[in-house]
Trainee: 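Please see the structure below; I have some questions.
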Amino acid sequence: MRLMTLSAAAAPLLLATPALAADRLTVGDVFGNAAAPVQLIILLLAAAFVAAPVLLVIRRPAALSALAKGAPLLAGAAALFTLLAGAVGIANSPVVPSLTVLAPGLAEMLFLMVLGLLATFSAVVCRELAKPRSHGVSAAE
């Protein structure tokens with residue numbers, strides 16, 4: 001019953017989709033249209049995601065710990081910068097922009113958060129793998 005209600009509510013949205021199909025937004029578009037500082041942060045977060053396994057191999061647990069703590073903060077700061085820029089743009093707009101106009105900024109914010117979480121995930125997993133294991137069973141397990 002609930003599924004039928006949800007599908008009935010989603011039907012108008014599905015019917016509106018073909019009108020928006022002409023201009024598809026891609027991850028490349030999100031990166032390409034971002035401000036230069038945000039592009040740099042995107043590249044840093046992507047590099048952090050790749051760097052964590054390298055730091056594991058060369059045994060740098062302090063760097064992994066710093067990466068695990070810093071990546072979500074950097075991603076959050078960049079996402080909030082994007083939100084601030086969007087809010088200023090909306091405030092200075094003579095008309096209320098549609099969701100289609102706002103969607104690229106929202107996609108940029110979400111992209112930053114996803115990259116930050118991926119970099120953090122990679123660093124935390126590698127940091128845990130770098131910890132020495134005791135042969136006994138600990139109380140936490």
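The structure displayed is predicted, hence computed values, not measured ones. Quick note: residue numbers are just sequence positions, from 1.
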Trainee: Do Val54 and Leu56 share a hydrophobic cluster, counting only Ile, Leu, Val, Met, Phe, Trp and Tyr and linking them when any side-chain heavy atoms are less than 4.5 Å apart?
Mentor: no

Trainee: Ignoring hydrogens and angles, tell me if any N or O in the side chain of Ser93 forms a donor-acceptor pair with the backbone of Val96 under 3.5 Å.
Mentor: no

Trainee: Under the side-chain contact (heavy atoms from CB on, under 4.5 Å) rule, what do Val38 and Phe31 come out as? Steps first, then yes or no, please.
Mentor: CA-CA 8 Å; Val38 175; Phe31 177 78; over 6 Å; no

Trainee: With rounding to the nearest 0.5 Å, note down the distance linking CG in Leu115 to CG in Leu110.
Mentor: 11.0 Å

Trainee: Considering all heavy atoms of both residues, which atom of Leu67 and which atom of Pro72 are nearest to each other, and what is their separation?
Mentor: O-CD, 4.4 Å

Trainee: Which pair of non-hydrogen atoms, one from Gly105 and one from Thr82, has the smallest distance, and what is that distance?
Mentor: O-CG2, 3.7 Å

Trainee: Going only through I, L, V, M, F, W and Y residues with side-chain contacts under 4.5 Å, is there a path from Phe81 to Leu45?
Mentor: yes

Trainee: Are side-chain heavy atoms of Val124 and Arg127 found at a separation under 4.5 Å?
Mentor: yes

Trainee: Does Phe121 have more than 12 heavy atoms from other residues, nucleotides or ligands lying within 6.0 Å of its CZ?
Mentor: no

Trainee: Show the nearest heavy-atom pair for residues Leu25 and Ala107, with the distance to one decimal.
Mentor: CD2-CB, 3.8 Å

Trainee: Identify the two heavy atoms, one from Leu112 and one from Ala79, that lie closest to each other, and give their separation to 0.1 Å.
Mentor: CD1-N, 3.7 Å

Trainee: Tell me if a side-chain donor or acceptor on Ser122 pairs with a main-chain N or O of Leu118 at a distance below 3.5 Å.
Mentor: no

Trainee: Cluster question for you: counting only ILVMFWY and a side-chain heavy-atom cut-off of under 4.5 Å, with indirect links fine, are Val50 and Val114 together?
Mentor: yes

Trainee: Restricting to non-hydrogen atoms, name the atom on Thr120 and the atom on Ala68 that form the minimum distance, rounded to 0.1 Å.
Mentor: CG2-O, 3.5 Å

Trainee: Phe111 and Met109: same hydrophobic cluster, using ILVMFWY side-chain contacts below 4.5 Å?
Mentor: no

Trainee: When clusters are formed by joining ILVMFWY residues with side-chain heavy atoms under 4.5 Å apart, either directly or through shared neighbours, do Val27 and Ile41 land in the same one?
Mentor: yes

Trainee: Any non-hydrogen side-chain atom of Ile90 less than 4.5 Å from a side-chain atom of Leu102?
Mentor: yes

Trainee: Checking side-chain contact (heavy atoms from CB on, under 4.5 Å) against Glu108, which of Val30, Leu83, Asn33 comes through?
Mentor: Val30

